[in-house]
Amino acid sequence: MAKEFWIGDVQAGDHDGVEVELMGWIKRTRGSNKIRFIVLRDSTGTIQCVVKKDAVGEEAFEEIKNSLIEASVILKGIVNVDERAPGGHELVVSSAEVVGAVRPETPFPITQSAMQAADGGETEFLLDNRHLYLRTSRMTTMLKIRSSVFGAIHSYFRDLKFTEYHAPNFVAGAVEGGSTLFEVPYFGKKVYLTQSWQLYAEAAMPALERLYTIAPSFRAEKSRTRRHLTEFWHAEMEVAWAGNSDIMEHGEALVRNIAKTVLEEREDDLKSIDRDLDLIARYADSPYPRIRYDEAVETLQGLGVDIEWGQDLDYSKEKILTQDFDVPHFLTHYPKIAKPFYHRVDPEDDKYVLCHDLLAPEGYGEIVGGGERTWSEQEILARIDEEGVPREPYQFYIDTRTYGGVPHGGFGLGVDRVVSWLSGADHIREVIPFPRDSRRVTP
RNA sequence: GCCGAUUUAGCUUAGCUGGUGGAGCGUGGGACUGUUAAUCCCAAGGUCGAGGGUUCGAGCCCCUCAAUCGGCGCCA
């Protein structure tokens, strides 16, 4: 039964003139009472298969003729090079077997009309039928690009001898803020779904020194935007003996490595969804400029934007700031009052913290957030008290400093956001198979 | 949480100043020996999101509710 031949290889010319057995699903079917053209799909591509009544016999021909879109079939025949076939190759079928039929009462619901509507964003119908929409070429392409992005992240860190390290998803307290936590009943107690791997990573930092993860994070934000999910994939890293600038160098190198990998592995996929490859090449090759928060505020004020020093930069302001950028930019040195206690205060000016955000161009916004941690015991206690946060839940975090604290830092990267940006998706939902947002958890 | 919009056949939609709903795709039947989103003919398929109101009469006007979509705040 094992599948031996793949449509992508056939279209690449690997089996010209020889007999192959193709296993796949019917993408489209047309023809007459004596000849049928089946466009067969598998995970590697599509190919036209010519089924003639004379060649396969009456019974098999009728079965193929009556087969609907997405029926699974096994077609055996000779690979023919023919200009008339899309892709330049076709299968001249000698025997045909329907494996899983599709009944006429329940035809495949993702029709041309449903797909046309998807160009301008996803419809409710396609979201309801996400499990079937996954089979379409657009979703398949997105999932392949996504896979390459995940692979690039693992490669980047492993090549640099980082250790992959895992934190629990059930947590007792908040990493930041309290309102965006998902509450979960836990044997009569309440626990929460994690928002970040960071605090647990800092505990392991003195053991592993260079560590990373790719894991889901959960945020109970009622955000209704093209950049938000309630469950998203978070690539995070933590490094000992490192400052803000060192961490930024990793962030920049990682994102450039992702762009480069996607370009190498998914060129055809990107072309198939009309992505401009020159843009990706620029993201892979160019340095990412660094701008201080103060400069950004001055720039915005110069543009007549109503903003005061100390305010966090919301998306509307980010967008104005990034509209002239043609590569990602770092924003650094935010005011202390705009950031949580674990960001280290700048020793050169205590109004600021040593942190950074990486903003993607083309309106995709923040893809990385990170910085240097408050690493001395004295400083962390002062910052916790200053912000009025109770010490008790953070005792394990404070202990990291009590026993041989060292300068360290890290960042978190929104993997889905990066996939969305690099693929040029209209919405972050397009790049994850079963998106979760504040209003949808099904299918 | 706030603002805006949408809801007509399985899907995508048209619908004139209110006068008993049209189409394309899909499905079924028929024709066709090479099609390219095949084409051509025929058919079935709608309590117009739910409830109330105005009116002789509501898909269309008014009110309430619901679902969905888009944007903002928040963030990756």
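Convention: sequence-line order gives letters A, B, ...; per-chain numbering from 1. Source: prediction; values computed, not measured.
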Can you classify the ring geometry of W421(A) versus Y283(A) as parallel (below 30°), tilted (30 to 60°) or perpendicular (above 60°)? tilted
Just call it for K52(A): base, sugar-phosphate, or nothing, with non-hydrogen atoms closer than 4.0 Å on any strand. base
What is the nucleic acid contact for V415(A), judged by heavy atoms within less than 4.0 Å: base, sugar-phosphate only, or nothing? nothing
Counting just side-chain N and O atoms, does R226(A) come under 4.0 Å of either OP1 or OP2 of rG71(B)? yes
Of the candidates rC74(B), rG28(B), rA76(B), the side chain of P104(A) sits closest to rG28(B)
Look through every strand shown and name the nucleotide pairing with rA5(B) as Watson-Crick or G-U wobble, where both distances are under 3.5 Å. rU68(B)
Students often get this wrong, so: under 4.0 angstrom with heavy atoms, is E366(A) touching a base, only sugar-phosphate, or nothing? sugar-phosphate
Sugar-phosphate only, base, or nothing, as touched by I69(A) at under 4.0 Å among non-hydrogen atoms: nothing
Does F37(A) reach a base, just sugar-phosphate, or nothing at all? Heavy atoms under 4.0 Å. base
Assert: residue with more 5' nearest nucleotide on RNA chain B, out of E124(A) and L68(A), is L68(A)
Ignoring hydrogens and geometry beyond distance, is the side chain of R417(A) in donor-acceptor contact with the base of rC75(B) at under 3.5 Å? yes
H234(A) side chain N/O closer than 4.0 Å to the phosphate oxygens (OP1, OP2) of rC75(B)? no
Mind checking the C1' distance from rA9(B) to rU47(B)? Whole angstroms is fine. 13 Å
What nucleic acid atoms does I367(A) come within less than 4.0 Å of, heavy atoms only: base, sugar-phosphate, or nothing? sugar-phosphate
Just checking G31(A): base, sugar-phosphate only, or nothing, at a heavy-atom cut-off of under 4.0 Å? base
Looking only at rC75(B), rC72(B), rU27(B), the nucleotide nearest the D312(A) side chain is rC75(B)
Under 4.0 Å, heavy atoms only, any strand: does D314(A) hit a base, just the sugar-phosphate, or nothing? sugar-phosphate
Quick one: label R103(A) by what it contacts on the DNA or RNA (base, sugar-phosphate, nothing), any heavy atom closer than 4.0 Å. nothing
Answer for the Watson-Crick or wobble partner of rC25(B), both distances under 3.5 Å, is rG10(B)
Mind checking if Q48(A) touches a base, just sugar-phosphate, or nothing, with heavy atoms under 4.0 Å? base
Taking for each residue the nucleotide of RNA chain B with the nearest heavy atom, is it T29(A) or E90(A) whose nucleotide lies nearer the 5' end? E90(A)
Tell me which nucleotide, if any, is Watson-Crick or G-U wobble paired with rA44(B) when both distances must be under 3.5 Å. none
Any side-chain N or O of T111(A) below 4.0 angstrom from OP1/OP2 of rG10(B)? no
Using purine N1 to pyrimidine N3 plus N6-O4 or O6-N4 for Watson-Crick, or N1-O2 and O6-N3 for G-U wobble, both under 3.5 Å, which nucleotide pairs with rU35(B)? none
With F330(A) via ring pair (Phe, Tyr, Trp, His ring centres under 6.0 Å) - residues at least two apart: H356(A)
Could you check whether P109(A) gets within reach of a base, just the sugar-phosphate, or nothing at all, counting any heavy atom under 4.0 Å? nothing
Exactly one of L300(A), V305(A), I291(A) clears side-chain contact (heavy atoms from CB on, under 4.5 Å) with L321(A), and that residue is L300(A)
Within the 4.0 Å heavy-atom criterion, would you say S316(A) contacts the bases, only the backbone, or no part of the nucleic acid? sugar-phosphate
On the 0 to 90° scale, with breaks at 30° and 60°, tag the F411(A)-F157(A) ring pair as parallel, tilted or perpendicular. tilted
Between E164(A) and T213(A), a side-chain donor and acceptor under 3.5 Å: no
Base, sugar-phosphate or nothing for L229(A)? Non-hydrogen atoms, less than 4.0 Å. base
Give the ring-plane orientation class for F232(A) versus H234(A), where under 30° counts as parallel, over 60° as perpendicular and anything between as tilted. tilted
Does OP1 or OP2 of rA66(B) have a side-chain N or O of R439(A) closer than 4.0 Å? no
